[in-house]
Asks: 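I am attaching a structure below and will ask some questions about it afterwards.
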Amino acid sequence: MPAADPNLRPLGNQVLDQIAPSAIRAFDNEISQIPGIIKLTLGEPDFAVPDHVKEAVIRGVQADDSHYGPSAGKLELRQAIAAYLKKSRGVDYEPNGEIIVTDGATEAISAALIGLLNPGDKVLVPTPAFSLYFTNTEMAGGEVVMIDTSSSDFTLTPEQLEKAIAASGERAKAIILNYPCNPTGKTYTKEELEALAEVIKKHHLLAICDEIYSELTFDHDHYSLASMIPGQVVLVSGLSKSHAMTGYRLGYLAGPAAVMAKVTKVHSFLVTCVDNLAQDAAIEALTKGLDDPIVFREAYKRRRDFLLGELAEMGFAVTRPEGAFYIFAKIPEKFGTDDFAFAVDLAKKAKVGLIPGSVFGDGSEGYVRLSYAASDEKLFEVAKRLKQYFAELA
């Protein structure tokens, strides 16, 4: 195993040195060594990819669809994305110049931030939020401004947004909104989004809207800022959650051509192009599989309702999730607010893996995130183990 030559000239991205690795992955790796543990840690659907989508991949293999494709993605897929967004958001995106296919929503967010930010630019992020937004903003040279929404039922209000913009000054350039939200499962009504749109429009901000969970809403329809202020929105989505295609790494971005030109350039430098077979699967999913998420959604809703009842009985305070497949639960008061210590103890003694809330930013201390993208049998067993854990402590 070669050791680095000690005489090498100084190397290492100094910005990256200040950024910790993914806390979610790190904690998951730490507790994965515990024998018999049931993990509700990662946002990984437990369903299989629909058969007709898998068959599209097989057809692609048989057709030797194995060469470089267009950097922005196959035209047929970009057309399918445009048709889907027209139907679901009412926005006309031009397949050439306003849509790009990415290596998952993660790369979509990375390309957008690197392509659009300059050093010192501020990005507003309502928290709790997926920690990737923090790290990728910082890697792009930007500064994260967290807006703690714990006092408003984890829903960003126009007043909170106005206050954050005023405090950030002219360096405030963008806001990242994720709805339904990871980790809280909260989303926005049409009226709530319209109120936020007024503030965003007034202050000429760009909204980067991560709508990867848009097909998994339970209590009301999904609404999008792209439908309201399309000239100020870059929309991020993909097939990982709606069609259980996490390993296919298929995402996309849509937005105004002038904005997308810079993002597309970064995308081409990062990945050249996206895997053709994953694109074949996505074409099938977006043209013949728009109803596929219905079965998943019904199962998630049933699991959510089961866990909400069980957790309330055990003393957790929970804001009712309206979408995605997460519950953000406040630890019972007697355990204090050290969510890392609580999650570690729970993993060791109850063999249940949950993510400590603190990794999701301001307002998250004292919470844990549960992913109910797991089988009913696992969730029943988790509830049983949690009850036993609390009974033994009592």
Side-chain angles (χ1 to χ4, degrees), residues 22-25 27-28 31 38-47 105-106 109 125-134 149-150 153-156 176-188 210-220 222 236-238 240-242 244 246 293 296-312 314 316-331 339-340 342-343 346-347 352-376 378-379 382-383 386:
S22 168
I24 296 174
R25 285 285 183 177
F27 189 81
D28 179 74
I31 65 172
I38 298 178
K39 298 188 301 176
L40 304 183
T41 48
L42 302 182
E44 174 78 19
D46 64 310
F47 297 104
T106 298
I109 294 164
V125 183
T127 56
F130 185 34
S131 57
L132 177 86
Y133 307 141
F134 313 145
T149 65
S150 59
D153 200 29
F154 299 126
T155 301
L156 179 67
I176 298 178
L177 288 171
N178 171 220
Y179 51 96
C181 174
N182 173 11
T184 65
K186 293 288 291 182
T187 190
Y188 293 91
D210 183 352
E211 301 182 23
I212 191 71
Y213 297 99
S214 63
E215 296 296 329
L216 302 176
T217 58
F218 309 131
D219 303 319
H220 59 73
H222 176 78
V236 177
S237 196
S240 291
K241 315 302 182 180
S242 63
T246 51
F296 301 165
R297 184 167 62 239
E298 290 305 313
Y300 291 140
K301 184 178 180 180
R302 183 183 67 250
R303 295 169 182 178
R304 175 201 68 171
D305 293 344
F306 166 72
L307 279 179
L308 285 177
E310 295 292 304
L311 292 171
M314 287 180 255
F316 288 92
V318 180
T319 296
R320 183 181 179 85
E322 299 157 333
F325 38 62
Y326 306 105
I327 290 177
F328 203 55
K330 191 170 181 60
I331 299 167
D339 44 85
F340 270 92
F342 176 80
L346 194 66
V352 171
L354 311 177
I355 294 295
S358 293
V359 307
F360 300 103
D362 292 353
S364 303
E365 186 180 27
Y367 288 81
V368 286
R369 188 194 74 174
L370 300 78
S371 168
Y372 50 90
S375 68
D376 292 359
K378 283 187 177 181
L379 297 181
V382 163
L386 287 174

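One is the number of the first residue; the rest follow in order along the sequence.
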Asks: Can you find a heavy atom in the side chain of Pro45 that is under 4.5 Å from one in the side chain of Thr246?
Replies: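 Yes, side chains in contact.
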Asks: Tyr326 and side chain to side chain donor-acceptor pair (under 3.5 Å): which partner among Tyr372, Tyr213, Tyr300?
Replies: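 Of the listed residues Tyr372, Tyr213, Tyr300, the side chain to side chain donor-acceptor pair (under 3.5 Å) partner of Tyr326 is Tyr213.
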Asks: Determine whether Leu311 and Leu370 make a side-chain contact, defined as any pair of heavy atoms from C-beta on separated by less than 4.5 Å.
Replies: yes
Asks: Please tell me if the side chains of Leu42 and Ser371 come closer than 4.5 Å, counting only heavy atoms from C-beta onward.
Replies: no
Asks: Testing the basics here: between Ser358 and Glu365, what is the closest heavy-atom pair and its distance to 0.1 Å?
Replies: OG-CA, 3.7 Å
Asks: Determine the interplanar angle of the Phe47 and Phe296 rings, folded into 0 to 90°, and report it as parallel if under 30°, tilted if 30 to 60°, perpendicular if over 60°.
Replies: parallel
Asks: So, Phe154 versus Tyr367, ring centres under 6.0 angstrom or not?
Replies: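 They qualify: ring centres under 6.0 Å apart.
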Asks: Which is it for Tyr188 and Leu156 under the side-chain contact (heavy atoms from CB on, under 4.5 Å) test, yes or no, and what are the steps along the way?
Replies: CA-CA 9 Å; Tyr188 293 91; Leu156 179 67; 3.3 Å; yes
Asks: Looking at every non-hydrogen atom in both residues, tell me the closest pair between Ser237 and Ala105 and how far apart they are.
Replies: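 Minimum heavy-atom separation between Ser237 and Ala105: O-CB, 4.2 Å.
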Asks: Nearest 0.5 Å, please: how far is CZ in Arg303 from CD1 in Ile327?
Replies: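 Here the interatomic distance stands at 12.0 Å.
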Asks: Atom CG of Leu308 and atom CZ of Arg320: how far apart are they, to the nearest 0.5 Å?
Replies: 6.0 Å
Asks: Find the distance between NZ (Lys330) and CG (Asp339) and round it off to the nearest 0.5 Å.
Replies: 9.5 Å
Asks: Let me confirm one number: the CG-CG distance from Leu40 to Leu307, rounded to the nearest 0.5 Å.
Replies: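 Going from the CG atom of Leu40 to the CG atom of Leu307 covers 7.5 Å.
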Asks: Mind checking whether Glu322 and Phe218 have side chains closer than 4.5 Å, heavy atoms only?
Replies: no
Asks: Could you give the distance from NZ (Lys186) to CZ (Phe328), rounded to the nearest 0.5 Å?
Replies: 13.5 Å
Asks: Side chains of Thr187 and Asp219, heavy atoms from C-beta outward: is any pair under 4.5 Å?
Replies: no
Asks: Heavy atoms, side chains only, cut-off 4.5 Å: are Thr149 and Pro128 in contact?
Replies: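 Side-chain contact under 4.5 Å: yes.
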Asks: Which distance, rounded to the nearest 0.5 Å, do you find between the CD1 of Ile31 and the CD1 of Ile355?
Replies: 6.5 Å
Asks: Side-chain contact test, heavy atoms from C-beta onward, threshold under 4.5 Å: evaluate it for Asn178 versus Tyr133 and give yes or no.
Replies: yes
Asks: Indicate the atoms forming the closest heavy-atom contact of Pro183 with Ala129, along with that distance.
Replies: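 Reported closest heavy-atom pair: CD-N, 3.9 Å.
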Asks: Which atom pair, heavy atoms only, marks the closest approach of Gly363 to Ser150?
Replies: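 Nearest pair, atom of Gly363 first, then Ser150: O-CB, 3.7 Å.
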Asks: Quick one: list whatever passes side chain to side chain donor-acceptor pair (under 3.5 Å) with Arg297, sequence neighbours left out.
Replies: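 Checked Arg297 against side chain to side chain donor-acceptor pair (under 3.5 Å); zero matches.
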Asks: Applying side chain to side chain donor-acceptor pair (under 3.5 Å), name anything that partners Asp305, two or more places apart in sequence or on another chain.
Replies: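 So Asp305 forms no side chain to side chain donor-acceptor pair (under 3.5 Å) with any residue.
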Asks: Among Phe340, Phe134, Phe130, which residue satisfies the side chain to side chain contact (heavy atoms under 4.5 Å, CB included) criterion with Val359?
Replies: Phe340
Asks: Does a salt bridge link Lys378 with Asp46, judged by any charged N lying under 4.0 Å from a carboxylate O?
Replies: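 No, Lys378 and Asp46 are not salt-bridged.
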Asks: Is there side-chain contact between Glu310 and Leu386, with heavy atoms separated by less than 4.5 Å?
Replies: no
Asks: Minimum heavy-atom separation for Gly238 and Ile212, please, with both atom names.
Replies: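 Result for this residue pair: N-CD1, 3.2 Å.
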